[in-house]
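Here is how names work: the chains are called A, B, and so on, in the same order as the sequence lines, proteins then strands, and each is numbered from 1. Computed from heavy atoms alone, side chains included, the values below leave out hydrogens, waters and symmetry copies.
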There are 2 protein chains.
Amino acid sequence: MAKGKRAAAMAENRAKLIRAARTAFATQGYADASMDELTAAVGLTRGALYHNFEDKKGLLWAVVEQIDGEMAERLRIVREQAPSLWLGLLAEGSAYIEMALEPEIQRIMLLDGPAVLGDPSKWPGENACLDITMRTIRALIEEGIVKPVDVEAAGRLLNGAALSAALWVAAADDPKSVLNKAVDAFRALASGLLREAREPA
Amino acid sequence: MAKGKRAAAMAENRAKLIRAARTAFATQGYADASMDELTAAVGLTRGALYHNFEDKKGLLWAVVEQIDGEMAERLRIVREQAPSLWLGLLAEGSAYIEMALEPEIQRIMLLDGPAVLGDPSKWPGENACLDITMRTIRALIEEGIVKPVDVEAAGRLLNGAALSAALWVAAADDPKSVLNKAVDAFRALASGLLREAREPA
DNA sequence: TCACTCACATACGAGGCGTATGTCAAGAGG
DNA sequence: CCTCTTGACATACGCCTCGTATGTGAGTGA
């Protein structure tokens, strides 16, 4: 019973650091986030940081992986609740746009993450969000609803469109009204993937 | 004649600094670019930098504005050479994707720029690229070729799709083959804006 | 010629990162 | 129960970079 005492404490400290990093990176941005302040906020020092993670960038990696997993899970739920695959794809897009409204996701995953860690397409967990989108598109192609386009290409562009929509909405003075325009435009673009001009149920 | 001697020298030094910054930011990234090295590379010191620009961020602003203007000019030429408005829009998208292959544009305009300066939609010169795309879409709507979607929304999402395509292509092991897939997918998505399913000439 | 301006260089202070070193609790073994 | 080892974390140090305050010399007008 007393065997895992150290390991448990270490895991907890790791979690605390990641939690602190999520808020610090989200509010101040990666570059302006001080590791001294960040660690002190949870009662630790930079020593704990460099022991648990490779370096500052390693901490960002851990944060990105965690958020990526959460986003994938949320998108999975949205997709499964939709009455059809096609509507699921559209719902995913809308959900993605709305998620990017959250400062944490916007700042860490969409701005600093790519700038510091490089292209998201090469992230481990290889962008679980994209993976989900691609699986949906593949299924739609097999059902004959979507044109036989390259699955990865379609997924990436669709995600990219949703991403820029999200950034636009987030920076808008009136996010609410802009959100509607963005979602409409997203559905229009997505319909370009359809085999028939008529949109399916 | 001897009147503008100081002003001319200053303009030249500004240009030299911007040129040096373009290469430094492109090769090392904004965060890792040292202002000492950058200025020394053109025979100046940080004194010149902080006299000509607000700060490091100000230098990035100047670089971004310059590149933005160049991109807009190149896109304008591509668009004007196309045989029709619709094909011009597609050509613009392809050209945009190809431009993002250039490390300078990719790193500065697509990665570090947004991370450091904030959302590109609020940049002065307000993203000349987007402006051009929006004008084209507006014309296409007036001609009845494109659905009456929100012009800004469509333009932003289309640019976003092209952007993510570019990042994907740039990071690919075999950019050539991936480029084709990306362009195809872009055309498919763009066709979703059409009023008729059939693509116009 | 002389005073003034201004573009730029030099010098300084603050802060952040990464690492080398120290320290103390938790387990192992006798 | 005592000692030894391990390892998680704290402390201390050096290096680099940014931004600013101050110095300086060429250019300019009277």
* Under 4.0 Å between any heavy atoms, over every strand shown, what does B:Ala40 touch: base, sugar-phosphate, or nothing? Just pick one. => nothing
* Structure fact -> Those residues at least two apart in sequence (or on a different chain) that pass side-chain contact (heavy atoms from CB on, under 4.5 Å) with B:Asp112 are A:Ala115, B:Tyr30, B:Arg107
* To do: State plainly whether the residues A:Arg22 and A:Glu70 are in salt-bridge range, i.e. N to O under 4.0 Å.
  => yes
* Asked: For D:dC9, does either OP1 or OP2 sit under 4.0 Å from a side-chain N or O belonging to A:His51?
  -> no
* Could you check how far CG of B:Asp36 sits from P of D:dT20, rounded to whole Å? => 15 Å
* Compare all side-chain heavy atoms of B:Leu59 with those of B:Leu38 and state whether any distance is below 4.5 angstrom. => yes
* **A:Tyr50 side-chain proximity, nearest of C:dT19, D:dG19, C:dA9** => C:dT19
* Structure fact -> Side-chain atoms of A:Arg46 come closest, of D:dT20, C:dA9, C:dT19, to C:dT19
* In plain terms, say whether A:Arg156 and A:Glu152 are close enough for a salt bridge, that is, a side-chain N and a carboxylate O under 4.0 Å apart. => yes
* Roughly, in whole Å, what's the span from CD in A:Glu54 to P in C:dG18? -> 10 Å
* Using the test side-chain contact (heavy atoms from CB on, under 4.5 Å), find all partners of B:Glu73 that sit at least two apart in sequence or belong to another chain. => B:Arg76, B:Ile77
* Check whether any side-chain heavy atom of B:Lys16 sits under 4.5 Å from a side-chain heavy atom of B:Arg19, and report yes or no. => yes
* Could you pick out which residue, B:Lys56 or B:Gly47, lies toward the 5' side of DNA chain D when each is mapped onto its nearest nucleotide? => B:Lys56
* To do: Could you tell me whether A:Thr45 contacts a base, only the sugar-phosphate backbone, or nothing, with contacts defined as non-hydrogen atoms closer than 4.0 Å?
  => base
* D:dA8 phosphate, OP1 or OP2, under 4.0 Å from A:Asn13 side-chain N/O -> no
* Write down the distance between CG (B:Leu59) and P (D:dC18), rounded to a whole number of angstrom. => 11 Å
* Quick one: stems for DNA chain C, with Watson-Crick or G-U pairs under 3.5 Å, at least three in a row? -> C:1-30 with D:1-30
* To do: Write down the distance between CG (A:Asp32) and C1' (C:dG16), rounded to a whole number of angstrom.
  => 11 Å
* Protein-nucleotide distance (B:Met35, atom CE; D:dT20, atom P), rounded to Å -> 13 Å
* Asked: Does the side chain of A:Leu194 reach to within under 4.5 Å of the side chain of A:Trp86, using non-hydrogen atoms?
  -> yes
* Nearest whole angstrom, please: distance from the C1' of C:dG16 to the OH of A:Tyr30. => 12 Å
* Asked: Is there a side-chain polar atom (N or O) of B:Asn52 under 4.0 Å from OP1 or OP2 of C:dA7?
  -> no
* Separation of atom NZ in A:Lys57 from atom C1' in C:dC17, rounded to whole Å -> 13 Å
* Point-to-point distance, once rounded to the nearest 0.5 Å, from CD1 of A:Ile105 to CD of A:Glu102 -> 4.0 Å
* To do: Pick base, sugar-phosphate or nothing for A:Ala33, based on heavy-atom distances below 4.0 Å to the nucleic acid.
  => sugar-phosphate
* Structure fact -> Rounded to whole Å, the CZ-C1' distance (B:Phe53 to D:dG19) equals 16 Å
* Structure fact -> Ranking C:dA7, C:dG18, D:dA10 by distance to the side chain of A:Ala48, first place goes to D:dA10
